[in-house]
Peer 1: 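First the structure, which I've put down as structure tokens, then a few questions once you've had a look.
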Amino acid sequence: MSEPYNHRAIEQKWQNVWDEEKAFAATDDYSKPKYYALVEFPYPSGQGLHVGHPRPYTALDIVARKRRMQGYNVLYPMGWDAFGLPTENYAIKNKIHPKIVTENNVKRFKGQLHALGYSFDWDREINTTDVDYYKWTQWIFLKLFEAGLAYKTEMPINWCTSCKVGLANEEVVNGVCERCGAPVVRKVKSQWMLKITEYAQKLLDGLEDVDFIERVKVSQKNWIGKSQGAEVDFAIAGKEDKLTVYTTRPDTLFGATYMVISPEHPMIETYKDEIKNLQAVKDYQEQASRKSDFERSELAKEKTGVALEGLKAVNPVNGCEIPIWVSDYVLMSYGTGAIMAVPAHDTRDWEFAKKFGLPIIEVVAGGENVQEAAFTDVATGRLVNSDFLNGLEVAEAKKKIISFLEEKKIGTGKTNFKLRDWVFSRQRYWGEPIPVVHCETCGYVALPESQLPLELPEVESYMPTDNGESPLAAMTDWVNTTCPCCGGPAKRETDTMPQWAGSSWYFLRYTDPHNTEALASPEALKYWLPVDWYNGGMEHTTLHLLYSRFWHRFLYDKKEVPVPEPYQKRTSHGMILGENGEKMSKSRGNVVNPDDIVTDYGADTLRTYEMFIGAFELSASWSENGVKGCRRFLERVWKLLDIVTEGDAYSSDFEIKMHQTIKKVSSDYENLKYNTAIAAMMALLNDFVKKGSITRGEYRTFLILLNPVAPHITEELWSLCGFEGRLYAQSWPQYEEAKTVEDTVELAVQINGKTRAVVTLAKNVEKDAAIAAGKEAVKDKLTGTIVKEIYVPGRIINIVMK
RNA sequence: GCCGGCGUGGCGGAACUGGCAGACGCGCAGGACUUAAAAUCCUGUUGUAGUGAUACAGUACCGGUUCGAUCCCGGUCGCCGGCACCA
């Protein structure tokens with residue numbers, strides 16, 4: 001009898017061996033075929049690793065380990081996305097420098113990941129807060145600045161009226177400050193912006209050439225939000241001036257019975273002397289400014305608004321004077337900040353019109369009475385009440401009205417994107433300093449490359465100042481500098497970059513992490529890019545994933561990287577929920593600590609369980625009993641050692657099963673189907689146990705197949721069984737297609753689609769013979785007239801009877 | 001409100017391209033071993049009826065297409081996630 005399975009000793013032992021042998025280091029031998037597998041690097045939070053982390057990490061660890069066995073030079077790196085708000089807040093609260101907090105957290109995370117036996121190349125570990133790293137983050141910003149893609153503008157921030165600090169959206173809960181409960185208002189501040197909108201079309205086009213799961217592509221497309229429509233000028237009655245709107249439905253122009261502008265629209269200021277109810281309008285603006293973006297977009301709520309009394313707009317196609325309203329459902333940040341309202345065919349406009357008694361005119365035929373409900377199913381249909389558009393199909397009407405508008409010079413066809421520019425500055429300490437100075441004479445001037453890195457200075461307090469400036473603003477000796485352009489006095493930018501900055505290019509750094517001359521050498525980039533497989537959370541689909549594609553595409557245009565798209569393949573994992581099916585959180589008391597699982601059951605059990613828990617892309621609930629089941633499986637694998645018999649070949653009764661399992665496991669590992677791969681190995685194990693013996697050759701293959709999931713126990717068994725060398729360095733097993741199929745097939749015999757019998761026939765049986773055999777098997781039940789006989793080779797025989 | 005996803009035994013889930021629904025695991029029940037328990041091993045396990053072979057029902061609900069639907073189409077309900085009321 002063998003020793004009992006002691007996971008603690010085994011896991012420690014093999015982790016040490018792998019470290020010593022540098023088993024998983026990516027080499028710089030660029031003649032070998034490469035494979036770059038990437039998982040999103042974690043934010044090293046104070047809570048330590050969550051059981052959600054190992055799910056994607058294990059999945060790509062499986063792929064990475066398998067690829068190495070297939071002869072690839074594999075890069076599977078790990079690092080730390082360590083700038084960010086929670087660390088800063090913790091630092092403020094506990095008066096510990098964020099650098100120290102980060103160091104401690106990273107240490108803990110690294111220990112936890114190491115204990116899980118991942119095949120990361122730790123020599124390439126990176127940290128976004130290292131000066132040597134963020135030097136290059138700043139360098140990329142300088143490139144963007146030089147290219148005119150970084151600019152300053154006034155943008156509203158969330159402002160806590162009591163703490164006197166700017167807040168992230170996340171810190172605003174129901175319109176009040178998360179920590180003090182005081183009301184939050186929108187305060188306008190000058191902010192650095194990145195012109196991601198200039199790349200909207202390229203980012204859209206780039207999706208055509210990559211292998212992203214469909215829902216990721218759809219989300220990105222919707223976020224970029226390309227639409228074809230028109231800008232239309234509405235004259236303001238009695239003025240030279242005009243109000244321009246963007247609409248995707250210029251064909252419905254005859255149905256526009258009023259206009260709505262956003263509370264921030266500049267025309268309110270322009271015409272303040274002519275607005276008769278200016279006080280009411282100002283009050284409304286004040287109300288709107290109190291609402292956070294999210295609140296303003298909170299729905300199903302009563303529409304609010306106020307009419308601009310004293311001003312009217314003119315519908316350019318029929319000359320009708322129509323009222324102008326102010327309402328917060330129109331946002332300054334999309335289109336022109338003004339809309340033409342067509343209440344007959346838009347739900348929001350309809351609700352607004354009903355509430356304020358505005359006219360509703362049907363212009364697309366086909367619905368019920370538009371006075372009763374908006375008729376919005378108008379992608380097709382014929383125009384009515386629309387003068388020269390009457391009777392036209394929607395598509396034709398659109399074309400005709402646009403050419404009419406262009407001819408009369410009152411409008412123009414226009415492509416619009418929902419995508420907004422990226423607000424790139426934060427009034428915070430724990431981020432990359434923005435390498436720009438402001439000079440009275442030269443304006444905003446970039447630091448020369450030679451002055452990088454611009455190090456984050458030590459400060460006394462990490463609290464933002466009470467006028468909303470970053471804590472760096474208080475350091476006058478750091479702030480006051482000289483202009484690199486004219487040599488005169490200048491002030492440094494005191495805002496820092498958002499957390500997204502460091503994570504927008506980290507995958508480039510892994511290819512050559514210690515380079516001091518460039519973000520990475522051209523050779524390394526050429527060899528390793530693109531990332532072959534990138535897995536990450538759905539929550540990063542529209543921000544991180546899009547931002548990093550944007551930076552990468554920009555660097556490609558500047559010839560700094562060799563490929564236009566950074567990631568060839570993108571997949572996404574589901575969340576791990578608590579035992580009760582709810583999100584894990586301290587307040588719900590359903591948090592599972594991965595350390596406990598590793599201690600009690602072992603890293604291999606945790607890895608196996610997280611892969612077996614359910615479909616990789618869907619969320620799954622934690623189950624301690626499920627963990628036990630996986631532990632039991634590994635115990636049974638361990639005990640197989642006692643029944644290993646001589647023989648390097650597969651035994652005759654297992655030959656087909658072995659080839660089938662190799663095929664199944666190999667393809668499942670590639671297709672996010674880790675759960676069924678493990679199920680197949682469990683089934684094979686059951687068969688071995690039933691038989692009571694397993695040949696060395698069978699055990700050998702079985703261990704290799706299981707190794708990517710449970711690397712420690714399989715490596716130990718490999719060595720106990722006396723196999724040569726290291727398991728991790730073996731070749732991935734091959735299968736022969738011909739040996740995966742049985743000589744016979746089982747065919748279901750159906751009558752009218754219902755299975756009545758099963759017949760076993762030779763696999764290459766002729767159609768007629770198969771049908772005859774099928775009929776024979778169900779002859780008692782063939783009581784009616786046979787109308788049709790269907791034979792699907794290898795599957796079914798269906799006899800259709802009347 | 002919009003966008004995306006999901007709905008299958010007591011539970012987690014499986015089912016290739018429309019072809020035997022419920023693989024694998026958990027739980028449960030019975031048995032073996034044990035003084036006993038735990039662990040382990042064996043057997044059974046969608047429901048209803050039947051001693052049984054079997055029959056009928058069954059993949060959220062209603063309908064459709066098809067020889068055949070968990071899978072495709074139309075509609076309804078519920079749950080989860082995301083959001084920037086996107087004109």
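Quick note: numbers below take in every heavy atom, side chains included, and nothing from hydrogens, waters or symmetry partners.
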Peer 1: Could you state the NZ-P distance from A:Lys226 to B:A84, rounded to the nearest angstrom?
Peer 2: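 These atoms are roughly 24 Å apart.
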Peer 1: Measure the distance from NZ on A:Lys414 to C1' on B:C86 and round it to the nearest whole Å.
Peer 2: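 Atom-to-atom, A:Lys414 to B:C86, this comes out as 14 Å.
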Peer 1: Could you list the residues that satisfy side-chain contact (heavy atoms from CB on, under 4.5 Å) with A:Arg795, not counting sequence neighbours?
Peer 2: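 Only A:Val792 meet the side-chain contact (heavy atoms from CB on, under 4.5 Å) criterion with A:Arg795.
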Peer 1: Let me have RNA chain B in dot-bracket notation, would you? Count Watson-Crick plus G-U wobble pairs, both distances under 3.5 Å, and use [ ] for pairs crossing earlier ones and | for inter-strand partners.
Peer 2: (((((((..(((......[....)))((((((.......))))))((((....))))..(((((..]....))))))))))))....
Peer 1: Which value, rounded to the nearest 0.5 Å, describes the distance between A:Leu634 atom CG and A:Asp604 atom CG?
Peer 2: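 A:Leu634 CG to A:Asp604 CG: 6.0 Å, rounded to 0.5 Å.
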Peer 1: Give me the distances for all protein-to-nucleotides 16-18 of chain B N/O pairs that come in under 3.5 Å?
Peer 2:
{"unit_1": "B:C16", "atom_1": "O2", "unit_2": "A:Arg795", "atom_2": "NH2", "d": "2.8"}
{"unit_1": "B:C16", "atom_1": "N3", "unit_2": "A:Arg795", "atom_2": "NH1", "d": "2.7"}
{"unit_1": "B:C16", "atom_1": "N3", "unit_2": "A:Arg795", "atom_2": "NH2", "d": "2.4"}
{"unit_1": "B:C16", "atom_1": "N4", "unit_2": "A:Arg795", "atom_2": "NE", "d": "3.4"}
{"unit_1": "B:C16", "atom_1": "N4", "unit_2": "A:Arg795", "atom_2": "NH1", "d": "3.1"}

Peer 1: Heavy atoms only, 4.0 Å cut-off, all strands: where does A:Ala338 land among base, sugar-phosphate and nothing?
Peer 2: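 No contact at all - A:Ala338 keeps every heavy atom at 4.0 Å or more from the nucleic acid.
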Peer 1: Less than 4.0 angstrom from a charged side-chain N to a carboxylate O is my criterion; do A:Lys242 and A:Asp233 meet it?
Peer 2: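 So A:Lys242 pairs with A:Asp233 through a salt bridge.
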Peer 1: Using the 3.5 Å cut-off, write out each protein N or O paired with an N or O of nucleotides 24-30 of chain B and the distance between them.
Peer 2:
{"unit_1": "B:G25", "atom_1": "OP1", "unit_2": "A:Asn686", "atom_2": "ND2", "d": "3.2"}
{"unit_1": "B:C26", "atom_1": "OP1", "unit_2": "A:Arg632", "atom_2": "NH1", "d": "2.8"}

Peer 1: Supply the atom-to-atom distance A:Leu706 CG to A:Thr661 OG1, rounded to the nearest 0.5 angstrom.
Peer 2: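 A:Leu706 atom CG to A:Thr661 atom OG1 measures 12.0 Å (nearest 0.5 Å).
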Peer 1: If we count only N and O atoms by modelled type, under 3.5 Å, do the side chains of A:Glu264 and A:Ser262 hold a donor and an acceptor together?
Peer 2: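 Present: a donor and an acceptor within the cut-off.
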Peer 1: Tabulated below should be each protein N or O lying under 3.5 Å from an N or O of nucleotides 56-58 of chain B; please produce it.
Peer 2:
{"unit_1": "B:C56", "atom_1": "OP2", "unit_2": "A:Arg756", "atom_2": "NH1", "d": "3.1"}
{"unit_1": "B:A57", "atom_1": "OP2", "unit_2": "A:Lys754", "atom_2": "NZ", "d": "2.9"}

Peer 1: Output one line per pair: protein atom, nucleotide atom from nucleotides 3-7 of chain B, and distance, for all N/O pairs under 3.5 Å.
Peer 2:
{"unit_1": "B:C3", "atom_1": "O2'", "unit_2": "A:Asn222", "atom_2": "ND2", "d": "2.9"}

Peer 1: Hey, which sits more toward the 5' end of RNA chain B by its nearest nucleotide, A:Ala748 or A:Lys690?
Peer 2: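 Whichever sits nearer the 5' end wins; that is A:Ala748.
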Peer 1: Any chance the side chains of A:Thr58 and A:Glu610 put a donor and an acceptor closer than 3.5 Å?
Peer 2: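 No, no side-chain donor-acceptor contact under 3.5 Å.
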Peer 1: Starting from P on B:A87, measure out to CD1 on A:Ile322 and report it in whole angstrom.
Peer 2: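 About 19 Å, once rounded to whole Å.
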Peer 1: Can you tell me how far C1' of B:C67 sits from CD1 of A:Ile796, to the nearest Å?
Peer 2: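 In whole Å, B:C67 C1' and A:Ile796 CD1 are 8 Å from each other.
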Peer 1: What interatomic distance, in whole Å, is found between P of B:G27 and the corresponding atom of B:U66?
Peer 2: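 One P to the other, the span is 47 Å.
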Peer 1: So A:Phe352 and A:Phe356, would you call those rings parallel, tilted or perpendicular, with 30° and 60° as cut-offs?
Peer 2: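 Correct class here is tilted.
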Peer 1: With sequence neighbours excluded, what pairs up with A:Ser621 under the side-chain contact (heavy atoms from CB on, under 4.5 Å) test?
Peer 2: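 Expected list: A:Leu577.
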Peer 1: Please name all residues satisfying side-chain contact (heavy atoms from CB on, under 4.5 Å) with A:His540, sequence neighbours left out, ordered by chain then number.
Peer 2: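 Partners of A:His540 under the side-chain contact (heavy atoms from CB on, under 4.5 Å) test: A:Glu40, A:Trp500, A:His544, A:Arg570.
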Peer 1: Give a yes/no on whether any side-chain N or O of A:Asn675 is located under 4.0 angstrom from OP1 or OP2 of B:G12.
Peer 2: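 So the side chain of A:Asn675 is outside the cut-off, no N or O lying under 4.0 Å from OP1 or OP2 of B:G12.
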Peer 1: Passes ring-ring contact (aromatic ring centres under 6.0 Å, His included), A:Tyr199 versus A:Trp422? Steps please.
Peer 2: CA-CA 12 Å; A:Tyr199 275 74; A:Trp422 173 5; over 10 Å; no
Peer 1: Nearest whole angstrom, please: distance from the C1' of B:A69 to the CG of A:Asn752.
Peer 2: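 Atom CG in A:Asn752 sits about 16 Å away from atom C1' in B:A69.
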Peer 1: Between A:Asp349 and A:Tyr329, do the side chains contain a donor N or O and an acceptor N or O under 3.5 Å apart?
Peer 2: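 Note: A:Tyr329 and A:Asp349 side chains meet the donor-acceptor criterion.
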Peer 1: Please name all residues satisfying ring-ring contact (aromatic ring centres under 6.0 Å, His included) with A:Phe616, sequence neighbours left out, ordered by chain then number.
Peer 2: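 With neighbours one apart ignored, the set is A:Tyr674.
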Peer 1: Whole angstrom is fine here: how far is it from CG in A:Leu253 over to C1' in B:A87?
Peer 2: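 In whole Å, B:A87 C1' lies 13 Å from A:Leu253 CG.
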Peer 1: Give a yes-or-no answer on whether the side chains of A:Gln201 and A:Lys226 include a donor-acceptor pair shorter than 3.5 Å.
Peer 2: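 Their side chains do contain a donor-acceptor pair, which is all the 3.5 Å distance test asks for.
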Peer 1: Kindly determine whether A:Asp421 and A:Thr197 satisfy side-chain hydrogen bond (donor to acceptor under 3.5 Å, both in side chains), including the steps that lead there.
Peer 2: CA-CA 6 Å; A:Asp421 278 341; A:Thr197 51; 2.7 Å; yes
Peer 1: For A:Thr248, answer base if it contacts any base atom (sugar-phosphate contacts may also be present), sugar-phosphate if it contacts only those atoms, and nothing otherwise; contact means non-hydrogen atoms under 4.0 Å.
Peer 2: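 Contact class for A:Thr248: sugar-phosphate only.
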Peer 1: Categorize A:Gln750 for me: base, sugar-phosphate, or nothing, with a 4.0 angstrom heavy-atom threshold over every strand shown.
Peer 2: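 If one applies the 4.0 Å heavy-atom cut-off, A:Gln750 turns out to touch a base.
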Peer 1: Rounded to the nearest 0.5 Å, what separation is found between the NE2 atom of A:His573 and the NE2 atom of A:His53?
Peer 2: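 The distance works out to 8.5 Å.
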Peer 1: What nucleic acid atoms does A:Ile790 come within less than 4.0 Å of, heavy atoms only: base, sugar-phosphate, or nothing?
Peer 2: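 Counting heavy atoms under 4.0 Å across all strands, the contact made by A:Ile790 includes a base.
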Peer 1: When rounded to the nearest Å, what value does the distance between C1' atoms of B:G12 and B:C28 take?
Peer 2: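 Each nucleotide's C1' atom is 15 Å from the other's.
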Peer 1: With sugar-phosphate meaning primed atoms plus P, OP1 and OP2, does A:Glu789 contact a base, only sugar-phosphate, or nothing at under 4.0 Å between heavy atoms?
Peer 2: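 It contacts nothing in the nucleic acid.
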Peer 1: Write down the distance separating the P atoms in B:G25 and B:C42, rounded off to the nearest Å.
Peer 2: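 Going atom to atom, P in each nucleotide, I get 11 Å.
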Peer 1: Should A:Lys418 be listed as having a side-chain N or O under 4.0 Å from OP1 or OP2 of B:A84?
Peer 2: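 A:Lys418 to B:A84 OP1/OP2: no side-chain N or O under 4.0 Å.
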Peer 1: Mind listing the side-chain donor-acceptor pairs of residues 623-633 of chain A below 3.5 Å, one per line with the distance, residues two or more places apart or on another chain?
Peer 2:
{"unit_1": "A:Ser623", "atom_1": "OG", "unit_2": "A:Asn625", "atom_2": "N", "d": "3.4"}
{"unit_1": "A:Ser623", "atom_1": "OG", "unit_2": "A:Gly626", "atom_2": "N", "d": "3.0"}
{"unit_1": "A:Glu624", "atom_1": "OE2", "unit_2": "A:Tyr601", "atom_2": "OH", "d": "2.8"}
{"unit_1": "A:Arg631", "atom_1": "NE", "unit_2": "A:Glu635", "atom_2": "OE2", "d": "2.9"}
{"unit_1": "A:Arg631", "atom_1": "NH1", "unit_2": "A:His7", "atom_2": "ND1", "d": "2.8"}
{"unit_1": "A:Arg631", "atom_1": "NH1", "unit_2": "A:Tyr601", "atom_2": "O", "d": "3.0"}
{"unit_1": "A:Arg631", "atom_1": "NH2", "unit_2": "A:Tyr5", "atom_2": "O", "d": "3.4"}
{"unit_1": "A:Arg631", "atom_1": "NH2", "unit_2": "A:Glu635", "atom_2": "OE2", "d": "3.0"}

Peer 1: Mind checking if A:Leu419 touches a base, just sugar-phosphate, or nothing, with heavy atoms under 4.0 Å?
Peer 2: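 Base, at least one base heavy atom under 4.0 Å.
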Peer 1: Expressed as a whole number of angstroms, how long is the span from A:Tyr674:OH to B:A14:C1'?
Peer 2: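 Computing the A:Tyr674:OH to B:A14:C1' distance gives 18 Å.
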Peer 1: Which atom pairs, one a donor and one an acceptor, fall under 3.5 Å between side chains of residues 745-753 of chain A and the rest of the protein, sequence neighbours left out?
Peer 2:
{"unit_1": "A:Asn752", "atom_1": "OD1", "unit_2": "A:Met801", "atom_2": "N", "d": "2.8"}
{"unit_1": "A:Asn752", "atom_1": "ND2", "unit_2": "A:Met801", "atom_2": "O", "d": "3.4"}

Peer 1: Please identify each residue that fulfils side-chain contact (heavy atoms from CB on, under 4.5 Å) with A:Lys418, with sequence neighbours left out.
Peer 2: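 A:Tyr334.
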Peer 1: NA contact type, A:Thr542, heavy-atom cut-off 4.0 Å: base, sugar-phosphate, or nothing?
Peer 2: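 Nothing, no heavy atom under 4.0 Å.
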Peer 1: Does B:G75 sit syn or anti, given that only angles within 90° of 0 count as syn?
Peer 2: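 Anti conformation for B:G75.
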Peer 1: To the nearest Å, how far apart are A:Met584 CE and B:C80 P?
Peer 2: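 To the nearest whole Å, that distance equals 17 Å.
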